[in-house]
Structures are given as structure tokens and as C-alpha cells.
Amino acid sequence: MTILVLIEHYQGGVADGSLELLTLARTLGGPVTALVLAGSMADVATLAAGLDADTVLAVAAPAVARYASSVYLRSLNAAIAACDPELVLLSYSTAGIDLAAGASVATGREMVAYVTSLTRHGAGFAACSQVYGGKLLATSTLPAQGIAVVMPGAVKAGPRSTGDAPVQTLTVDLGPDGCIRHLETLVPESGGIDLTKAARIVCVGRALGNTDKLPMAEALAKLLGAEIAGSRPVIDAGWLPKPRQIGKSGTKVKPKLYLMAGVSGAPEHLEGMGESELIIALNSDPRAPIFGKAHYGAVCDMFEVMPTLIQKLS
Amino acid sequence: MKIVVIQRLEPVLTEELELSDDGRDIDREWIGFALNQFDDQALEQAVLLKESNGATVTAIAIEDEGSDKMLKNALARGADAAFQIPLDADDVESRSSRALAPLYAAAIRTLAPDLVLVGILSNSDLYGELAPYLGAHTGWPQISAVTEVRLAAGKATVRQEYAGGRAARFEVDTPVIIGLQTAMQPPRYVAGSKLRDLLKVQIPELEVDGAPSADMSHGTTLALPDQSAGAVMFDGDADDIATSIHNLLKEKGFVQ
């Protein structure tokens, strides 16, 4: 039995998360099938080149040229029915969220999400997941023929394959024109800000409370020659503009210095900054997950520490 | 246009989480609960659509300690009606999205809305998120990670976000289930007087033909993460900590 991996792609490039899933599948052992959905067989061939899989299962149709949850779900369900895999791997991405639960119900398979490690366990698999914003770890036994949604970065992607896996075409009834129709692709609005190029970043989290104390964080950033940034709740509340969001749905950064104040360290945030060279975290919660990721930290009131640090830097 | 918005209570993560004796759940006895932050966004988006399109908004929740107050808050924010879905605590082994999805789906079938809005995540979605489960149980289209919803001519136009800030716009037939990430405006403030006006209002129950489903919680154990390999911690008062950070920044060459 094979392990089926959903391949996500954008503008002709395979997503890093999908390459990581292929590596994970190889680690688990057994044949690996990559499910590639694209607008034509030529596009499938381009995407499939170098994928470390034994077989590429291809759905080629204009309706799946771009991601749309309805037609992707139909295709995934059809692929599961066609190859009856012992495990289905999806990345914890928008597509992973959209598709995994629906496929689980449609195919009668158990599923587990937020997976950070996955190993064989008896006839099935043992999965470790992050839950409650990363404050707890869950160890689950996933039976064979399960579905796992794996956190990006859980494994490091291995090298691309030198050979091309054989491509099998899968014919899927995608419906007349789909109930979810792609209108346009939107490029990120940068507003002239490119945090990916910032060598130093000061990031504030929900504990900021409101915009009253934002000038304090901005003053600290200015003294450090850093860009100011925020976690998702800060952006959702309108305290900082969207181009300054770090994390899963924001920008992924690798600065030399990442000083964070009042950010708990939810998995979605860590995905965007976990590879920073030096991470310093201030948080009032001694069990904040960020202390498991940061290099240096302090359990403190950030509104007391920041002014003192500003004074020392001035 | 009829909108149903789902409201869920979830543990407050700034409080200390304790585990139940069997290690399969958190100890829910002493922990505080608050409205799911994404459901907060979903409520705001529903009320914005009511204001822009004349929709009616119905808020629903699984009946639990605090759900009555949560739904009164939804009414104060602009929902037109609210219902609690009764659940016998003795009959439910798990409160995961997977387990409770059939109950919500039954309520949706009863209320027959054009649009269902629910927050994209809850912090205990170990077995999958609610919106896609609702799509599977109702057979309606579902789209998650949505940050804009507009209605026109019986269709919804939504913006779906991807990693790195990329996004796409879709036209979606109704009825549809939307897993909302962010409303088009931050959630509004509710005046205390509005909530006081609702103190004597009874939130009715909505009897539904559905039962919780099984999940893998029987084969799951929870644990606190081992942070011993984590950060080097700076101790002391604010001045001690600031001094330690300043020294570190000097040592690493970030400041003179």
C-alpha cells in the first residue's frame, strides 16, 4: 500500500511543505504516490519532474489549474478511492485545512492535524501534534488508512529526485463548472514594506492590548535599527497594517535579530519566524510556547522592560 | 439572505492549562472560557453583511456554562436571533470540532441559511476544523481562511488567504459554509448598557436531530511540552532583565 501526498504548487513551483511531506513519506517507508493537480498534462510533467515519489497520480483539467476547495476535494477523494493508500499526507496550509476534514468524512478515514512528528506504530502510526496554541502536545494513535495534516517545517525536505516517476492519469468528475469559481489571484500588498529583507525585527503580540503602547515598541525598534512587526491578532485588530504581519498568513522571515514582546508563540506564528538567528522573547506567561523556541527569554511585564531597555539603548 | 454564525467558547490560553486525571483532556473545572477569537471575527463579518445587504443574522452555540451570556453578547453586537443547541454532557465523550460537527450541521439544516460563518480554527481542533466538517455533513461548498465576504445576486464573493500573504478571490454559490479568518473590520465594541438590556432575555433552545460523532480522543494523550531545551531565561526585575538583554545585544554585535 502506498502513502499518498497532495502536492501544492504556485506559479509553477512546488510548495516547500509538499516537498517536506514527500521526505516524511520516504522516512516512513513504503511506496509513495504524489497527487498532482494542474491545468494540463504539460503542467503536470513540469511539476512532477524531480519529485521524490514512486508514482505521480495526475488530474489534468482547466478546472484544477488553480486551487479551489471544491474541485480539489473531489480530486483528493477520487485519488484516495483509486489507490486506497495506507496514509494520506497533507500540509497544514489553507488547502490542508479546506480538504482534510472533508476527505476524512467522505472516505471514512480517521484524521489528525497539527502533526509535528509521525512514526510507524503497529499497523498504524503514532502522531505528535501541537494543540491549544502550542501549550500542549497531543500523542495520538492514527490507524492505518488515516489522514495526517503535517505542520510545515516538521521535517526538512530532502534533495529532489534525479529520476522522473511514472505518471498515471486519474479521471475525475469535477462537476459542470464548480460551485466555487476562481476569479482572480491577488498578490500581497507590500505597502513598500518588505520584512523578508529586514535584518532586525521587533514583533509585538496581542498582549500589546491596544495602540496606546505601540509607540514604545516602535521607539525600541528604531533604536535597534529594526522593523516593527506584529502577530496575527495585532493585524486583525488593526493596530498595524497587514504587510507587517509575521506568520503563516503573513510574511516568513529569517532576520539576524527577532525581539518579540507579548507574542505567545502559536504554531502559526512560529512557522513565520522560527529560523531567525537570534530570538529574544518577553512574555508574562511562564508557559508561553515561545520559550520553547526562543534562544533567550524573560517572564516579565513587557511594559516595564521595554522602557528600561529603551533607556539603556538611548 | 439568511446568515447563521456559530459561536464557541474555548479555554483562555493565557491561563495555566491543567490536564485531567487520565491525561486525555484539559481539566475544565477551573479554567476560564471565552469566545473563540475567530468566531468573534465571524460575528463581526455577519453583522457587517447585515448592515450592507439587509441580511438576518442568527447566532447559535452548543449549550454550556457561559453560552447564554455569549449569545446575549452576539445579540448586543447585532444578531437578530440566537439559539442554544442542547447537549447532555454525559452523552459526549469529546468536544472536538469533529465530534460536535453533526450537531451544528443538524442545526444548520433546521435553520436553512444561505450563508454559515464560523471561525477558521479553535485551539483544540486536533481532529480537524469545524467549517470543512460542516461542508462534509451538509454537502454544501466550504471555503476556509477567508478574509473578505461580499454578497450580491444570491452569490458570495470571498477572498481566501494562503501562506506568505498570497490570496485569491472566488465567486461561491449559496448556500455555503465559510471558515472565517478575519472580518473586513475589527470586532466592534459593545456598550455595557446594551448587555444590561438583554439580562432578562431568555435564549431559546433549538432541538436538532443529530448526535455527536466519534473522534480519536480515546487514543490520544496530552502532555505539557518539555521546554528544558528552550530559551536561556533572564531573571530579576525589569532593570535586571533589560540589562541582560542589553549585554546580550552588545555581545552579539547588535549595539555598541
Side-chain angles (χ1 to χ4, degrees), chain A residues 68-70 93-94 97-98 100-102 104-106 110-114 129 131-133 135-141 179-186 188 224 233 236-238 248-252 257 264 278 280-281 285 287 291-298 300 304-305 308-309 312-313, chain B residues 11 13-14 16-17 37 41 98 120 123-129 132-133 135-137 141-145 159-173 179 181-182 186 216 219-225 227 230-234 238-239 241-243 245-246 248 252 254-255:
Chain A
S69 57
S70 52
S93 60
T94 295
I97 293 172
D98 264 344
S104 170
V105 172
E110 295 282 4
M111 71 156 286
V112 65
Y114 307 98
S129 305
V131 286
Y132 294 102
K135 292 192 89 171
L136 293 177
L137 295 179
T139 304
S140 307
T141 304
C179 46
I180 297 179
R181 293 170 292 278
H182 182 275
L183 296 177
E184 60 178 331
T185 299
L186 305 166
L224 285 169
D236 286 353
K248 184 177 197 64
S249 53
T251 305
K252 290 187 181 180
L257 172 65
S264 66
L278 177 64
I280 305 173
D285 179 3
R287 288 190 174 180
F291 292 130
K293 186 70 182 178
H295 302 103
Y296 296 88
C300 62
E304 291 182 2
V305 172
T308 314
L309 185 55
K312 291 180 186 299
L313 290 167
Chain B
L13 293 184
T14 50
E16 191 169 324
L17 296 179
Q37 58 180 304
Q41 300 280 338
R98 182 184 180 97
I120 178 176
N123 56 30
S124 56
D125 279 342
L126 179 57
Y127 316 112
E129 295 77 15
Y133 274 125
H137 284 295
Q142 179 282 148
I143 183 165
S144 277
R159 179 180 186 274
Q160 184 177 48
E161 279 205 353
Y162 310 103
R166 290 188 298 108
R169 191 162 280 125
F170 293 89
E171 183 183 64
V172 188
D173 294 340
Q181 180 164 299
T182 311
M216 294 200 311
T220 297
T221 53
L222 299 175
L224 293 166
Q227 296 193 340
V232 173
M233 301 301 287
F234 296 134
D239 190 62
I241 292 168
T243 300
I245 295 173
H246 191 219
L248 175 68
K252 300 287 184 184
F254 289 107
V255 296

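Quick note: numbers below take in every heavy atom, side chains included, and nothing from hydrogens, waters or symmetry partners.
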Output the option from A/T141, A/T185, A/L136 having the highest count of non-hydrogen pairs under 4.5 Å with chain B. A/L136
Given that the side chain runs from C-beta out, which part of A/A138 has a heavy atom under 4.5 Å from chain B: side chain, backbone, both or neither? both
Let's test your reading of the structure: which of A/A237, A/A281, A/S93, A/S264 forms the most heavy-atom pairs below 4.5 Å with chain B? A/A237
Atom pair CG/OG1 of B/D239 and A/T308 - distance to nearest 0.5 Å: 6.0 Å
Part of A/K135 lying under 4.5 Å from any heavy atom of chain B: both
Of the backbone (N, CA, C, O) and the side chain (C-beta and beyond), which part of B/Q160 lies under 4.5 Å from a heavy atom of chain A, both, or neither? side chain
Heaviest contributor of heavy-atom pairs below 4.5 Å to chain A, chosen from B/V172, B/D125, B/T221, is B/T221
Any sub-3.5 Å donor-acceptor pair from A/T94's side-chain atoms to B/A145's backbone N or O? no
Whether the side chain of A/R287 engages the backbone of B/L17 through a donor-acceptor N/O pair (distance < 3.5 Å, no angle test) should be reported. yes
Looking at B/P186, B/A136, B/G179, B/A167, which one has more heavy-atom pairs under 4.5 Å with chain A than the rest? B/A167
Taking side chain as C-beta onward, heavy atoms only, is A/S104 less than 4.5 Å from B/Y133? yes
Max heavy-atom pair count under 4.5 Å with chain A, selected residue of B/H137, B/K252, B/Q142: B/Q142
Is it true that a side-chain atom of A/K312 and a backbone atom of B/A242 form a donor plus acceptor pair closer than 3.5 Å? no
Rounded to the nearest 0.5 Å, how far apart are OG of A/S249 and CD of B/E161? 5.5 Å
Report yes if some heavy atom in the side chain of B/L222 is under 4.5 Å from a heavy atom in the side chain of A/L137; otherwise report no. no
Is the closest side-chain donor-acceptor distance between A/D285 and B/T14 under 3.5 Å? no
So, do A/R181 and B/D173 sit near enough that their side-chain heavy atoms are less than 4.5 Å apart? yes
Within the 4.5 Å heavy-atom criterion, are B/L248 and A/Y296 side-chain neighbours or not? yes
Check for a donor-acceptor pair, side chain of A/D98 on one end and backbone N or O of B/S144 on the other, with a separation under 3.5 Å. yes
Should the pair A/H182 and B/F170 be assigned to parallel (<30°), tilted (30 to 60°) or perpendicular (>60°) ring geometry? perpendicular
Residues at least two apart in sequence or cross-chain that pass salt bridge (charged side-chain N to carboxylate O under 4.0 Å, His left out) with A/K293, listed by chain then number, are none
Got a salt bridge between B/R98 and A/E110, using NZ or NE/NH1/NH2 to carboxylate O under 4.0 Å? yes
Decide yes or no for B/V255 and A/L313: does some side-chain heavy atom of the first lie under 4.5 Å from some side-chain heavy atom of the second? yes
Nearest 0.5 Å please: distance from the CG atom of B/L224 over to the OH atom of A/Y132. 12.5 Å
side-chain contact (heavy atoms from CB on, under 4.5 Å) for A/T139 and B/T220? Distances and angles first, verdict last. CA-CA 5 Å; A/T139 304; B/T220 297; over 6 Å; no
Top residue by heavy-atom pair count (under 4.5 Å) with chain A, among B/G135, B/G128, B/P141, B/A223? B/A223
Under a plain distance cut-off of 3.5 Å, with no hydrogens placed, do B/Q37 and A/D236 share a side-chain donor-acceptor pair? no
Hits for salt bridge (charged side-chain N to carboxylate O under 4.0 Å, His left out) against B/R166, two or more places apart or cross-chain, chain-then-number order -> none
Top of A/A113, A/G238, A/A68, A/A100 for chain B proximity - count of heavy-atom pairs under 4.5 angstrom: A/A113
CG-CD distance between A/L183 and B/E171, expressed to the nearest 0.5 angstrom: 6.0 Å
